[in-house]
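In the text below, chain A, chain B and the rest are named by the order of the sequence lines, each starting its count at 1.
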There are 2 protein chains.
Amino acid sequence: MTRILIADDHDVLRTGLRALIETRSGWEVVAEARDGLEALRAAEAAQPDIVVLDYAMPVMNGVEVARQLRARPRRPEILIFTMHDDDAVLREAVLVGVRGYLLKSDAQGHLLEALATLARHEAYISGQVSGTLLEAVLKPGKLEDSNPLTPRERTVVQLIAEGRTSRQICPILKVGIKTVETHRASAMRKIGAASTADIVRYAIRHRMVEA
Amino acid sequence: MTRILIADDHDVLRTGLRALIETRSGWEVVAEARDGLEALRAAEAAQPDIVVLDYAMPVMNGVEVARQLRARPRRPEILIFTMHDDDAVLREAVLVGVRGYLLKSDAQGHLLEALATLARHEAYISGQVSGTLLEAVLKPGKLEDSNPLTPRERTVVQLIAEGRTSRQICPILKVGIKTVETHRASAMRKIGAASTADIVRYAIRHRMVEA
DNA sequence: CGGCGCCTCAGGGTTTCCCTGAGACTAGAT
DNA sequence: ATCTAGTCTCAGGGAAACCCTGAGGCGCCG
């Protein structure tokens, strides 16, 4: 039996996950937790093989729990289970040794696959995560930098998020419009943005501008 | 049998809700939807008595769906099902005639109670909501809908804020790209937006999407 | 019935996007 | 001292998006 711990603050979601997992034999949900601290204690008591951690939990977020679990003698595999396709969270998670990353929107289809992969101690990353980011995250050892943008790129991103076009930005920075466009494009590549709207949401999430 | 429609973009959560509801006899989940537009179509086809709407759905948020359902001949009771205790959302919901408001953290304990209350056509509001707002909201005053956009414009704005271009939006709404561009332009004029970024910030401020 | 608002779409000029490539400058490593 | 890596700067150019104007159809309401 593969022993699983589920940590999520929403009862209904835990119920759904448990139901999904227990459709297969060989899998057993041995404990549940509704916040980060509970998850740590439950992991201590139940010694699960795999821990499914919601990212946005009260008290302690999923990645923080993962960080603490890392130090334990019998370290379980960890699946971070999150609402948003957020590169910063994925980055952070990979940095603390998490091998599983699943979007909630992807759960029904791929949870069992993810768990099976983790049971073999292989990495599972949700398919909907932007490919460029994944490459950037899985390949280079340059992960310490949680903010992937250069200073200039950050400035441009912020100006874009404030509602300015490249043509309006270039006189502010006293550079050519092509320069602004390059910074914009490379920033988009790094943060996995495919549109101006993605840039704006990124900037708001990172408190570079207010909504 | 009381017929229920569940709309939420997370499969696992729908599974959990369905499992919870079907523990009781007399309740039947007749349809599911994973975004706002699907919810509208499913409501048309399945004619449910109660519609459970996640607030933060793609394409069209829960309150927006409620607004459109209001105009239907056989209008179902609506339960808005949301993550956050947000006065603005509740206010908006009540304004469009929603009588049920349940926090996700409260679901396991009170979902059935909420559904039963709605089945009697009475209002159910989750416990943690501030009383003053409730009062202000439950007695019909001059709480006006301050949102100047038409339903179609709101949908387009949300889709834009989710990162989609006009070309990607038009097949979703099954209209020509010129139509989408017109809605986009008139929405921008109404809300005073001069760029895509302004649209996105507007959408986030009005909780049409999350950052 | 006659407006009025909403949804739908076309034409078309302008702008922006976004990819590729490339030179210069700095800093750190070999 | 040379090399490497990263950043900032900019150009060209095709594709796409933007945004304005105009306009027909539909439902609703006075």
Side-chain angles (χ1 to χ4, degrees), chain A residues 130-133 135-136 139-200 202-203, chain B residues 37 40 59-60 64 67-68 70-73 96 144-145 147-200 202-203:
Chain A
S130 79
T132 52
L133 170 65
E135 229 172 285
K139 267 216 292 223
K142 194 71 199 299
L143 288 174
E144 307 79 38
D145 190 0
S146 78
N147 195 337
L149 301 180
T150 69
R152 207 57 159 172
E153 285 161 359
R154 269 194 299 275
T155 305
V156 170
V157 163
Q158 175 169 346
L159 288 164
I160 291 167
E162 285 170 359
R164 283 176 248 261
T165 65
S166 299
R167 184 169 301 282
Q168 293 168 327
I169 291 171
C170 65
I172 295 174
L173 300 182
K174 302 196 192 335
V175 297
I177 186 173
K178 284 303 189 178
T179 303
V180 177
E181 290 180 353
T182 302
H183 289 315
R184 175 201 183 95
S186 58
M188 288 178 74
R189 191 167 19 82
K190 287 181 184 175
I191 67 182
S195 67
T196 305
D198 291 341
I199 298 177
V200 178
Y202 176 91
Chain B
L37 217 48
L40 278 179
V59 182
M60 199 183 291
E64 190 54 40
R67 195 193 309 271
Q68 311 240 1
R70 178 170 55 165
R72 299 297 175 83
V96 302
E144 284 154 29
D145 201 333
N147 197 330
L149 300 180
T150 69
R152 208 53 160 173
E153 285 160 358
R154 270 192 297 274
T155 303
V156 170
V157 163
Q158 174 170 350
L159 286 162
I160 292 168
E162 286 172 358
R164 294 180 173 88
T165 65
S166 298
R167 186 166 300 280
Q168 292 168 328
I169 291 171
C170 66
I172 295 174
L173 301 181
K174 300 195 197 324
V175 298
I177 188 173
K178 285 301 191 178
T179 303
V180 176
E181 290 180 353
T182 301
H183 289 314
R184 174 201 182 95
S186 60
M188 286 178 75
R189 191 167 18 80
K190 286 181 184 174
I191 67 182
S195 65
T196 305
D198 291 340
I199 299 177
V200 177
Y202 175 91

Whole angstroms only, please: what is the [atom1]-[atom2] distance between [X] and [N]?
X	N	atom1	atom2	answer
B:L149	C:dG5	CG	P	16 Å
A:E153	D:dT9	CD	P	11 Å
A:D198	C:dC18	CG	C1'	15 Å
B:I199	D:dA17	CD1	P	14 Å
A:I160	C:dC18	CD1	C1'	12 Å

| request: Give me the residues of residues 174-190 of chain B where at least one heavy atom lies under 4.0 Å from an atom of DNA chain D, by number, or none. | output: B:K178, B:E181, B:R184, B:M188
| task | Between C:dT16, D:dT9, C:dC7, spot the one nearest the side chain of A:R152, thanks. | result | D:dT9
Report yes if a side-chain nitrogen or oxygen of [X] is closer than 4.0 Å to either non-bridging phosphate oxygen (OP1 or OP2) of [N]; otherwise report no.
X	N	result
B:R167	D:dA16	no
B:S166	D:dA17	no
B:T150	C:dG5	no

| said: Applying salt bridge (Lys or Arg N to Asp or Glu O under 4.0 Å), can you list everything that pairs with A:R152, at least two apart in sequence or on another chain? | reply: none
| Checking B:R164 side chain against B:I169 main chain: does a donor-acceptor pair fall under 3.5 Å? |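 Looks like no, no N/O pair under 3.5 Å.
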| query | Has the side chain of B:Q158 got a donor or acceptor atom that lies under 3.5 Å from a matching backbone atom of B:A203? | reply |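 Flag not set: sc B:Q158 to bb B:A203 has no pair under 3.5 Å.
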| task | Would you indicate whether the side-chain heavy atoms of A:K190 and A:L149 approach each other to under 4.5 Å? | result |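 Side-chain contact under 4.5 Å: yes.
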| said: Does A:K178 form a salt bridge (Lys or Arg N to Asp or Glu O under 4.0 Å) with A:E181? I'd like the steps, not just the answer. | reply: CA-CA 5 Å; A:K178 284 303 189 178; A:E181 290 180 353; 3.4 Å; yes
| query | Who pairs with A:T155 by side-chain contact (heavy atoms from CB on, under 4.5 Å), at least two apart in sequence or on another chain? | reply |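 A:T155 satisfies side-chain contact (heavy atoms from CB on, under 4.5 Å) with A:L159, A:L173 only.
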